[in-house]
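Index from 1, following the sequence. In this text the structure is predicted, and so the values were computed from the model without any measurement. In each ligand, atom 1 is the first atom listed, and ligand 1 is the first ligand listed.
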Amino acid sequence: MIKADVLIVGTGIAGLYTALNLNENLNIILVTKSTLTESNSYLAQGGISTAIDLDDINSFCEDTIKAGNYKNNLDVVKMVATKSIDVIRHLDFLGVDFDKVNDEFSYTKEGGHSKKRIVHCKDYTGKEVIEKLLDKLTRIKNIKILEHTTLIDLITKDNSCLGGVFLNNEKTLKIYSKYTVLATGGIGGLFKNSTNQRTLTGDALSIALKRNIKLKDVEYVQFHPTSLYQNTSKRRFLISESLRGEGAILKNKSGNRFVDELLPRDKVTLAILNEIKKTESDFVYLDISHKNADYIKNRFPLIYNECVKNGIDITKEAIPVRPAQHYYMGGIEVDKYAKTSMNRLFAVGEVSCTGLHGSNRLASNSLLEGLVFGKNCASYINDYIYSTKLEILDIHINTNHIIHENKNIFKNKFINLRGDLKDELI
Ligand SMILES: Cc1cc2nc3c(=O)[nH]c(=O)nc-3n(C[C@H](O)[C@H](O)[C@H](O)COP(=O)(O)OP(=O)(O)OC[C@H]3O[C@@H](n4cnc5c(N)ncnc54)[C@H](O)[C@@H]3O)c2cc1C
């Protein structure tokens, strides 16, 4: 048995940024089911949206709400847009190497944004941010990190969370905590075609359903318009929206343009799926080869190299692309401090549903959500933890039974609402 002040499950941007904002004298345990860097956050390419200045807040909110088909929570949208300026400044202060021109952020544009407002580190923003956060966190004495340790249940009593039950090397491990933060990311591992890490299978959502913790917007799932077309069962490689933001054009197999590339994701995805059906093809093309070759290699090194590995030189030819599951807007319902419907339990990042995204997330708003809610969550915990006691409850767990059960609880609930996507699931 392990005891902690705060237990954080997940080492993506949301879990790490929550940990970094907690008081340094708290005992914190960070847990991940795989390695420290096997997260969607590490894969993020395009960047992080931010209001450029106070005058841009309204326009940023409008773009977010329009993309979300007006299903967003307006108070949350305003709060996140307003706080975006501070969290980006903080990352810059921590040494994240954002692209800059004359010491000013070099903003880029992506679908659904009415202007350039996305900060980025070339096309590997996630890797850069996660490495900088890990560098800071691993120097903090009171933070312990456990890899290859999978959450399989929560320890609960009278609608309060007292910690979690984990599997580590086939052994059961109980971690008791004053507060528990779920930061377990998305559900892409449940889909045949997804840009997500295959390990992300919505485990915390199954546990939430079993423990009567409220979920919200369960049916809202996002498909990214442009993943590299590959005939394999592996994770789909993402061709970032920022390529279209920087002028890449979508063409059908006859070389004709068929959609405005900078519409929100759901609209572009639908247009591509229609085109694929109409032209009886498995993919469409995304073409940036009209731009200068040196510019392409320097601005999109990750995408350039991955395409070369697949026999495609994007400076000379178009990329075959098709939509793939990418993001989950639904999740565990939380308030602005990331509090769930269960006492002492928080959810941050993609596993949560804050209301920011409505039914369709605006490009680059996810990393931002993880940062803002991670900070809010930490500030609540910092305020209340000293008056909260650790409680130990002796429980017996049949792990085999639980793992089997967890596999399908969330999937079945999802299929109930989105039967149309049944064939897309594994
Ligand atoms: C290829 C790609 C590119 C993207 N680009 C961008 C972008 O440019 N900008 C943007 O805003 N968003 C982008 N997104 C979306 C964004 O990256 C994610 O939504 C965001 O990183 C989610 O962060 P998170 O911390 O919630 O989860 P993640 O970063 O996915 O981390 C989840 C963590 O939970 C752990 N975990 C899961 N289940 C368990 C369990 N049962 N037990 C223990 N640990 C568990 C995982 O091991 C992992 O450590 C991209 C996504 C992908 C896939």
Side-chain angles (χ1 to χ4, degrees), residues 7-19 30-50 108 110 118-121 123-130 133 145-154 164-168 173 175 181-189 194-207 222 224 226-228 235-242 245 265 302-303 306 324-329 331-332 338 347-352 354 356-357 361-371 373-374 403 406:
L7 162 64
I8 301 176
V9 191
T11 58
I13 195 162
L16 297 183
Y17 201 64
T18 304
L30 269 165
V31 184
T32 171
K33 80 191 278 190
S34 47
T35 59
L36 261 181
T37 51
E38 192 173 341
S39 63
N40 275 356
S41 299
Y42 198 82
L43 298 175
Q45 297 177 353
I48 314 177
S49 333
T50 176
T108 190
E110 293 185 326
I118 294 151
V119 292
H120 56 92
C121 316
D123 61 351
Y124 46 76
T125 308
K127 175 176 185 293
E128 167 66 14
V129 172
I130 294 299
L133 293 181
I145 298 174
L146 297 178
E147 292 181 292
H148 303 292
T149 306
T150 303
L151 178 76
I152 57 167
D153 208 350
L154 292 172
V165 184
F166 296 83
L167 263 195
N168 174 310
L173 172 70
I175 304 180
V181 182
L182 298 173
T184 50
I187 60 170
S194 173
T195 58
N196 290 194
Q197 295 287 11
R198 304 309 288 159
T199 44
L200 301 178
T201 43
D203 308 351
L205 299 171
S206 282
I207 296 170
Q222 181 174 77
H224 195 288
T226 55
S227 72
L228 179 63
R235 183 179 81 73
R236 298 287 175 242
F237 181 74
L238 181 79
I239 307 293
S240 166
E241 198 124 29
S242 51
R265 283 184 180 163
L302 182 73
I303 295 172
E306 186 65 26
Q325 190 281 343
H326 183 59
Y327 185 78
Y328 188 47
M329 276 78 62
I332 299 177
V348 285
E350 194 170 334
V351 70
S352 69
T354 64
L356 172 66
H357 310 301
R361 169 172 75 88
L362 179 66
S364 285
N365 263 359
S366 170
L367 296 177
L368 177 64
E369 180 186 51
L371 292 166
F373 278 85
I403 291 167
N406 280 356

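- Among protein heavy atoms, atom 44 (N) of ligand 1 sits closest to Lys33 N, 3.0 Å.
- Taking distance alone, with nitrogen or oxygen atoms compared against 3.5 Å, Thr32 approaches ligand 1 more closely than that limit.
- Protein heavy atom closest to atom 37 (C) of ligand 1, with residue, atom name and distance, is Thr184 O, 3.2 Å.
- Residue contacts with ligand 1: Leu200 is included, with a non-hydrogen atom under 4.0 Å away.
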Exercise. May I have the step-by-step check of side chain to side chain contact (heavy atoms under 4.5 Å, CB included) for Asp123 and Ser240, ending in yes or no?
Key: CA-CA 8 Å; Asp123 61 351; Ser240 166; 5.7 Å; no

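- For ligand 1, the polar-atom distance check against Asn40 finds a nitrogen or oxygen pair separated by under 3.5 Å.
- Checking only distances, Gly10 never comes within under 3.5 Å of ligand 1, N or O to N or O.
- Nearest protein heavy-atom neighbour of atom 15 (C) of ligand 1: Arg361 NH2, 3.7 Å.
- Looking at atom 11 (O) of ligand 1, its nearest protein heavy atom turns out to be Leu367 N, 2.9 Å.
- For the pair Gly47 and ligand 1, the shortest N or O to N or O distance falls below 3.5 Å.
- The shortest N or O to N or O distance between Glu350 and ligand 1 is below 3.5 Å.
- Judged purely by atom type and a 3.5 angstrom limit, Ser194 has no side-chain atom pairing as donor or acceptor with the backbone of His326.
- Nearest-heavy-atom check against atom 41 (N) of ligand 1 across Leu167, Val31, Thr11, Asp203 picks out Asp203.
- Backbone and side-chain nitrogen or oxygen atoms of Leu151 are examined, and one is located within less than 3.5 angstrom of a nitrogen or oxygen of ligand 1.
- Polar contact with ligand 1: present for Ile13 (N/O pair, distance under 3.5 Å).
- Close N/O approach between Thr195 and ligand 1 is not found [any backbone or side-chain N/O within under 3.5 Å].
- Every N/O-N/O distance between Arg235 and ligand 1 stays at or above 3.5 Å.
- Inspection of the His357 and Gln222 side chains reveals no N or O donor paired with an N or O acceptor under 3.5 Å.
- Residue contacts with ligand 1: Thr201 is excluded, as none of its non-hydrogen atoms falls under 4.0 Å.
- Looking at Gly46 next to ligand 1, an N or O pair under 3.5 Å apart turns up.
- Those atoms of ligand 1 that come under 4.0 Å of a heavy atom in Ser39, given as number and element, are 28 (P), 29 (O), 31 (O).
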